[in-house]
Structures are given as structure tokens and as C-alpha cells.
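The chains referred to below are lettered A, B, ... by the order of the sequence lines, with proteins before strands, and numbering in each begins at 1. Model, not experiment: these values are computed from the prediction.
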Number of protein chains: 2
Amino acid sequence: MNFSQLQSLVALADTGSFTEAAYTINLTQSAVSHALASLESELGVTLLERNRKGVVSLTATGQKIIPHVRALLAQAESIEQEARVAQGKASGKVRLGSINSIIPPRSACQSTDQFSTELSRHGGSIVRGGHAGSWRLDRG
Amino acid sequence: MNFSQLQSLVALADTGSFTEAAYTINLTQSAVSHALASLESELGVTLLERNRKGVVSLTATGQKIIPHVRALLAQAESIEQEARVAQGKASGKVRLGSINSIIPPRSACQSTDQFSTELSRHGGSIVRGGHAGSWRLDRG
DNA sequence: CTCGCTTACGGACACCGTAAACATA
DNA sequence: TATGTTTACGGTGTCCGTAAGCGAG
């Protein structure tokens with residue numbers, strides 16, 4: 001059991017597709033397929049129903065364990081966050097509008113790419129694309 | 001960040017020694033040293049105060065993150081446990097005397113090795129040595 | 001055909017053990 | 001000396017990408 005496997009599982013649960021899941025966690029379909037196969041093998045259970053049409057759904061077992069997986073990954077985030085705080089770096093997950101000083105003018109933010117470009121002028125950078133108006137930021 | 005690194009950290013916090021920590025998680029001193037060094041490097045923080053006498057103590061940062069680490073590992077245990085339940089396997093952590101039917105006679109249990117040998121005759125096996133009369137068991 | 005997942009193959013690298021070096025008492 | 005941690009080196013195995021295979025539409 002490793003973090004890639006668990007991240008793959010939640011991404012699959014969220015997207016319902018290996019292709020989409022791979023995109024959200026910056027891996028290939030193949031890697032996600034590998035990850036889930038090995039996780040299922042290791043745990044000795046089937047976690048996903050494969051629907052041959054790109055649509056996957058959690059099995060009963062999958063639904064049982066996924067809250068634990070999300071909680072585990074949340075703890076991992078907390079650990080990294082504590083480490084960043086200890087380093088004196090102010091970074092983490094922000095939501096548009098929550099920290100005005102590092103948010104570029106709306107006119108320059110019609111796309112994530114534009115947002116990234118503008119953000120770099122303020123000392124920030126996008127680590128990973130997010131959903132629904134949120135980005136993960138790192139400020140060196 | 002991986003599970004070995006996190007297990008090493010909690011073992012170090014519990015034992016205060018690389019040697020003892022390595023013993024409790026079935027690794028060598030060297031592996032534990034590697035694990036913690038890489039974890040500290042990855043997080044960019046120092047987690048342990050080295051006292052050169054075999055006694056180590058957590059730094060302030062270490063104390064901040066260790067509850068998250070323990071919680072994370074607990075979630076991992078929950079995941080494995082859910083998987084075992086889904087498999088229909090009755091296994092987990094037991095304590096000597098709690099399940100009489102799979103405990104060999106005391107006369108045959110002067111050592112962990114003898115316990116293991118006897119236990120195999122009853123369909124059990126020792127996955128990892130434990131402390132204070134407890135073992136982790138798997139029953140196929 | 002296209003689309004999507006799986007499988008085969010291989011490269012890069014992470015993990016961990018042995019053994020030596022180093023530090024403390 | 002004895003005890004305990006770190007470091008150097010190397011083997012084994014994991015992870016993941018490319019590319020081929022396969023099933024469904």
C-alpha cells in the first residue's frame with residue numbers, strides 16, 4: 001500500500017474513469033491501472049466495478065474503505081502543511097478571493113494559464129490544477 | 001513520504017533509539033536511519049534531536065506532526081482491516097489467552113519460534129513479532 | 001474505425017542490507 | 001574497549017511510461 005495507489009483510488013472514485021483519474025493526478029492511464037490492480041491484489045479485494053465504457057463505480061468494499069483513504073490522505077496533507085509552517089513558508093490551498101493580495105485582477109484570469117502567469121509576478125506558482133476555483137500554491 | 005518513513009518516526013518517538021526502533025518494525029538500524037534522513041530531507045525540517053548516546057527526542061516540529069502520523073497509520077490499519085473483513089477472514093491483533101482455541105498449550109510456548117510452530121498446526125501464522133504477549137496473526 | 005482499460009516489456013530509481021567509518025563514554 | 005548512529009556501496013524489487021493487445025460501440 002502506497003500513496004500513489006490511494007491517490008489513484010480517490011481519483012477514480014471522483015472521476016469514474018481511469019483516463020480522467022490519471023489526468024488529475026499527473027500519471028498515465030497505465031500507471032493508474034497498475035496502481036489499482038496492485039492495491040486490489042494486496043488487499044485481496046475488488047474495489048471497482050469495471051464497466052468497459054470508461055465508467056467505473058466503487059464496490060461495496062470500495063465504499064467502505066474510501067472514507068479511510070480520504071482521511072489518510074488528509075493527514076498526509078496536514079503533515080506536509082505542518083512542515084511548511086515550520087519552515088516559515090506560507091503556502092497551501094487557497095480559494096479565489098480569499099487572499100486578495102496574491103490574486104491577480106479578474107481581467108487577467110480568464111484561464112488557469114493566465115492565472116499562473118499573473119501569479120508568478122507575485123511570487124507564487126501553481127503546483128497542480130484544482131477544481132471549482134481552487135488551486136494549490138507554493139510560494140518559495 | 002512513504003509508510004516506512006512514518007513507521008520509523010513513530011517507532012523512534014516511542015523507543016527513543018534507532019536500534020530499538022529498528023527492532024520493533026523489523027528493519028535494520030541503517031534502514032531506520034535512512035528512512036528518517038530522507039523524511040526530514042523531503043519535509044525540509046529536523047524531526048529529531050540526536051543525543052549521540054542512543055537517546056533521541058522529538059523536536060518541536062516533530063511533536064507537531066506526530067499526532068498526524070499516528071492518525072495516518074491508524075487509517076491505514078483501518079483500510080487493511082476493512083479489506084480483511086470483506087474477505088471474510090477473521091484476523092487481526094490478539095492477545096495471549098483471549099482466544100483459547102488457537103492458543104497452543106503453555107508448555108509449547110517458551111519462545112516466539114515455538115509459538116509460531118504450534119500456531120501453524122491450528123491454521124494461524126505470525127506476521128510480525130509483538131510485545132508484552134501480543135502477536136499479529138493472519139489466518140488463511 | 002475510435003475510445004478506454006489491460007498487459008508486456010523495460011528503464012530508472014527507491015529501498016534496504018552489509019560493512020565500514022565515526023562519535024561518545 | 002563497547003555501544004550507537006551515520007555513511008558508502010551495491011543488489012533487488014517497485015514504480016511507471018511506451019507500446020501493443022483486446023473488448024465495446
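- Between the CZ atom of Phe3(A) and the P atom of dT14(D) there is a distance of 18 Å, given to the nearest Å.
- Rounded to whole Å, the distance from CG on Leu39(B) to C1' on dA14(C) is 15 Å.
- In this model, the phosphate group of dG4(C) is not approached by any side-chain N or O of Ser17(A) to a distance below 4.0 Å at OP1 or OP2.
- To the nearest angstrom, C1' of dT5(D) lies 14 Å from CD of Glu20(B).
- Counted by atom type alone, Ser38(A) and Gln5(A) present one or more donor-acceptor pairs between their side chains at under 3.5 Å.
- Here the straight-line distance linking atom OG of Ser41(B) with atom NE2 of His34(B) works out to 13.0 Å at 0.5 Å rounding.
- Remark: C1' of dC15(D) and CD1 of Ile25(A) are 13 Å apart, rounded to the nearest angstrom.
- If you check every strand for non-hydrogen atoms under 4.0 Å, Ser38(B) touches nothing.
- Side-chain atoms of Arg50(A) lie closest to dC5(C) of the nucleotides dC5(C), dC16(D), dC15(D).
- Here Thr19(B) lies in heavy-atom contact (under 4.0 Å) with sugar-phosphate atoms only.
- For dT5(D), its base never sits under 3.5 Å from the side chain of Ser30(B) at any donor and acceptor pair.
- The shortest non-hydrogen separation linking Thr46(B) to Arg50(B) is CG2-NH1, 4.5 Å.
- One atom, CE of Met1(B), and another, P of dA14(C), lie 16 Å apart when rounded to the nearest Å.
- His34(B) has its NE2 atom 11 Å from the C1' atom of dG10(D), to the nearest Å.
- Between atom OG of residue Ser4(B) and atom CD1 of residue Ile25(B) there is a gap of 7.0 Å, rounded to the nearest 0.5 Å.
- Here dT7(D) presents its C1' atom at 13 Å from CD of Gln29(B), a figure rounded to the nearest Å.
- The shortest distance between side-chain heavy atoms of Glu49(A) and Leu58(A) does not fall below 4.5 Å.
- Proximity note for Phe18(A) (side chain, C-beta onward) versus dC16(C), dC5(C), dC16(D): the nearest is dC5(C).
- Regarding contacts with the backbone of dC15(D), a side-chain N or O of Asn2(A) is found under 4.0 angstrom from either OP1 or OP2.
- Within the 4.0 Å cut-off from OP1 or OP2 of dT5(D), not a single side-chain nitrogen or oxygen of Ser33(B) is found.
- In this structure, the CG atom of Asn51(A) is 14 Å from the P atom of dG4(C), given to the nearest Å.
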